[in-house]
Amino acid sequence: MDLYEYQGKQYFSRFDIPTSAGGVAGTTAEAVVVADAAGYPVVVKAQVKVGGRGKAGGIKLAADAAEVTAAADAILGMDIKGHRVNVVWVEHASDIEKEYYASFTLDRTEKLHLGMLSAEGGVEIEEVAANNPDAIAKIYVNPVDGLDIETARKWVDAANLDDAAREQTAELLVNLYRCYVEGDCDLAEINPLILTPAGNVHALDAKVTLDENASFRHPEWEEFASSEGEDERETMAKAKGLNYIGLSGSVGIIANGAGLAMSTLDVVTQVGGTAANFLDIGGGANADVMAAALEVINADPAVRSIFVNIFGGITRVDEVAKGIIDAIDRVELRSPIVLRLDGTNAEEGRTLLASHLSDRLRAEPTMIEAAKRAVEMAGR
Amino acid sequence: MSIFVDETTKVVIQGISPTSQGLYHGLRNRAYGTQVVAGTNPGRGGEVIEGIDVYATVAEAVDATGANASFISVPPRGAASAIIEAAEAGIPFVVCITEGIPAQDEAVAFNRLAREFPATRLLGPNCPGIISPGKCNIGITSGEIAMAGGPVGIVSRSGTLTYQALHELSQQGVGQTTCVGIGGDPVPGTNFIDCLAAFEADSETRAVMMIGEIGGSEEERAAEFIASHMTKPVAAYIAGVTAPPGRKMGHAGAIISGSKGTAQAKMDALAAAGVKVAQNPTDCGELIVEIVKGLD
């Protein structure tokens, strides 16, 4: 789960990582209140989970209350790459001496935590990595050992940060590591991390991705989840507990298992179609889950046909068949369904469905044939 | 022969109770012919559940039964400590099918195993398990879709695609030596290379079917290994050609980060290593069938 910048900064604060004085606002009036408290001049920043908001006019400097009103007016409600701006973050504008970069993430090849620190911040780290890889000081941290201040100091020296920034940055990195580990982040990134002319180091931006597998030990994450949901279809699927990702094609996909669901998208594309979504109903899916899945797909106006691809393992195909029969009774489906059922209890499932088959509900013997049929039906 | 497990493997089910997933799958594994010799539950030591003796700890179960493999399907919050308990008890092969373990816990468990318990191999987490047809089945794979006798070894990151692979081969009368599901998490205990090396060393395995997916660079590393160390033919399929970047496709590890971890890059690396690369699981099955026909 990606956090908004303001949520990331609030998350940083819990781990004593310094940020600029500021606050979040959903209206122009609120923006002025926050700006007054933060101290002028301020920066008004659109809160969207997509890059390039500066270029899109989503970040504005304001010297007084009137300028804050104008800036917030312009930014709130703005559309940035399909993301509507509902809130702005208003913070005291910092004087910047230097811009750095710092992050922690898991290196899957080394199976260790990877810290990256660079004296060249404020630009995409991928750009630095491509143009000047030596400017990035990397450190691998074994999660069993953790990161101590001595190691952090050596790392800061290796990154060649300005002398005035070194000790503060080392301390900040230890806290950022703590935030990353104890805060269960997949990614904790500060870009830019700044040094001010007064000699203070703090985070000017925050990019935090939380590991949703750890939500059971973070009840405080509830507030982040409630501000999710840019895609209405995904919000609906999430409410039903389904693993769904919205795409832009016309063949609705339901499969059991992440690998099979991905493979189903691939096969639909190979035979000339486009998938409307990724949907994994998981192991042990029963009639209720299947009905919920069909309801979500049915709510997508772009869907012209539905491909249900099931290979029974823990999931029993007769249960899936019952789910489909039940869902057809419950939901008025706009699109025809093509089925491919194999695996545990597949024969029983096919028998159950036999009397329900029609032009609107067809069964095909293999994944490829079913994909072809679904694509053909979507094209009509 | 088979890799990692065989008919002598004795399995302890960790976290057993009358309503646990572990018991449900353990009984199916036992019905398949697997030696399920013990269960553990700190609150149920001394009980017998469905004919399985229950011990309070893994160490006690090992002492009493000689168990040399463990099966973990406990909920995510207890899974990492269950893995370490098995290793501390000296279990050499631990299968963890639990899905949804926090990445931080998984990273700690992996590195503790690597440092303190190098003799313990972890399979998973978030995997379907392992089956050596006719000998041993630990996990959630339906035994009836597998076919004993070899000559194909299967290694896969996905559960349902593993079933699909077994199904494709068995339907064509091509058996398997062992089918290993390494799981879809970012830090798997056993990776492609571990399995490829074991299949290369196994005299009965004569070809390998490999199923990967987007995310990470394990398939690329496997390609390097195949090019430099494998004499046996390999056919592969990579799921997620059409997956959008930046989204976790069901599995925690199945995510394209920036331009890294794409299916195309993995397929290119494998093809360059001499692997026959298929566009879908059905074609991959056919490639293997052709390879096997050519062996005789």
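So that the names make sense, note that chain A is the first sequence line, chain B the second, and so on, each numbered from 1.
Comment: A:Asp300 engages A:Arg233 in a salt bridge, judged by a side-chain N to carboxylate O separation of less than 4.0 angstrom. A salt bridge does not link B:Lys248 to A:Glu212: none of the charged side-chain nitrogens sits closer than 4.0 Å to a carboxylate oxygen. No salt bridge links B:Lys276 with B:Glu290; every basic N to acidic carboxylate O contact stays at or beyond 4.0 Å. B:Asp185 has no carboxylate O lying under 4.0 Å from a charged side-chain N of A:Arg108, or vice versa, which leaves the two without a salt bridge. With salt bridges taken as basic N to acidic carboxylate O contacts below 4.0 Å, one links B:Arg221 and B:Glu218.
Counting heavy-atom pairs closer than 4.5 Å to chain B, the top-ranked of the candidates A:Asp280, A:Ile310, A:Leu265, A:Leu279 is A:Leu265. Annotation: maximal heavy-atom pairing with chain A below 4.5 Å, among B:Gly250, B:Pro102, B:Ser158, occurs at B:Pro102. For the set B:Glu99, B:Gln164, B:Glu106, the count of heavy-atom pairs under 4.5 angstrom toward chain A peaks at B:Gln164. Listed options B:Gly159, B:Ala103, B:Pro76 were ranked by heavy-atom pairs under 4.5 angstrom with chain A; first place goes to B:Ala103. Interface check for chain A: of the options B:Gly253, B:Ala109, B:Ala254, B:Ser156, the most heavy-atom pairs under 4.5 Å are formed by B:Gly253. Residue with the most contacts toward chain A among B:Val187, B:Thr162, B:Ile145: B:Val187 (heavy-atom pairs, distance under 4.5 Å). Across A:Asp184, A:Asn243, A:Ile245, A:Asp342, the residue that shares the most heavy-atom pairs under 4.5 angstrom with chain B is A:Ile245. Between chain B and the residues A:Val181, A:Asp145, A:Thr109, the most heavy-atom pairs under 4.5 angstrom are made by A:Val181. Ranking B:Glu144, B:Arg115, B:His251 against chain A, the residue ahead of the rest is B:Arg115, based on heavy-atom pairs under 4.5 Å.
If you measure heavy-atom distances from B:Ile238 to chain A, the contacts under 4.5 Å come from the backbone alone. For B:Ser142, the part sitting under 4.5 Å from any heavy atom of chain A is the side chain, from C-beta outward, and nothing else. Of the two parts of A:Asn142, only the side chain, counted from C-beta on, holds a non-hydrogen atom closer than 4.5 Å to a non-hydrogen atom of chain B. For A:Gln270, the part sitting under 4.5 Å from any heavy atom of chain B is the side chain, from C-beta outward, and nothing else. Of the atoms belonging to B:Ile101, it is backbone heavy atoms, and not side-chain ones, that fall under 4.5 Å from chain A. Looking at A:Phe311, both its backbone and its side chain come within 4.5 Å of chain B, counting heavy atoms on both sides. For B:Phe110, the part lying near chain A is the side chain, with the backbone staying farther off; criterion is any non-hydrogen pair under 4.5 Å. Looking at B:Gln279, both its backbone and its side chain come within 4.5 Å of chain A, counting heavy atoms on both sides. Neither the backbone nor the side chain of B:Asp283 comes within contact range of chain A; no heavy atoms are under 4.5 Å apart. Interface residue B:Glu213: only side-chain heavy atoms are found under 4.5 Å from chain A.
Looking at every heavy atom in both residues, A:Ser250 comes nearest to A:Ala378 through OG-CB, 3.8 Å.
If you take CG on B:Asn137 and OG1 on B:Thr178, they are separated by 11.0 Å, rounding to the nearest 0.5 Å.
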> After noting the C-alpha distance and the side-chain angles of A:Lys138 and A:Asp107, does the key distance pass the salt bridge (charged side-chain N to carboxylate O under 4.0 Å, His left out) rule?
Replying inline: CA-CA 11 Å; A:Lys138 290 185 180 179; A:Asp107 186 299; over 6 Å; no

> Given the rule in the side chain to side chain contact (heavy atoms under 4.5 Å, CB included) test, do A:Thr269 and B:Val241 qualify, once you have shown the distances and angles that lead to the verdict?
Replying inline: CA-CA 9 Å; A:Thr269 307; B:Val241 176; over 6 Å; no

>> Assess the residue pair A:His113 and B:Gln104 against the criterion (side-chain hydrogen bond (donor to acceptor under 3.5 Å, both in side chains)); give the C-alpha distance rounded to whole Å, side-chain angles, the decisive distance to 0.1 Å, and a yes or no.
In response: CA-CA 9 Å; A:His113 297 315; B:Gln104 296 288 349; 3.1 Å; yes

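A cation-pi contact, defined as under 6.0 Å to the ring centre and within 45° of the axis, is absent between A:Lys238 and A:Tyr244.
Ring-plane geometry between A:Trp221 and A:His218 is classed as parallel, the angle between the planes falling under 30 degrees on a 0 to 90 degree scale with a further cut at 60.
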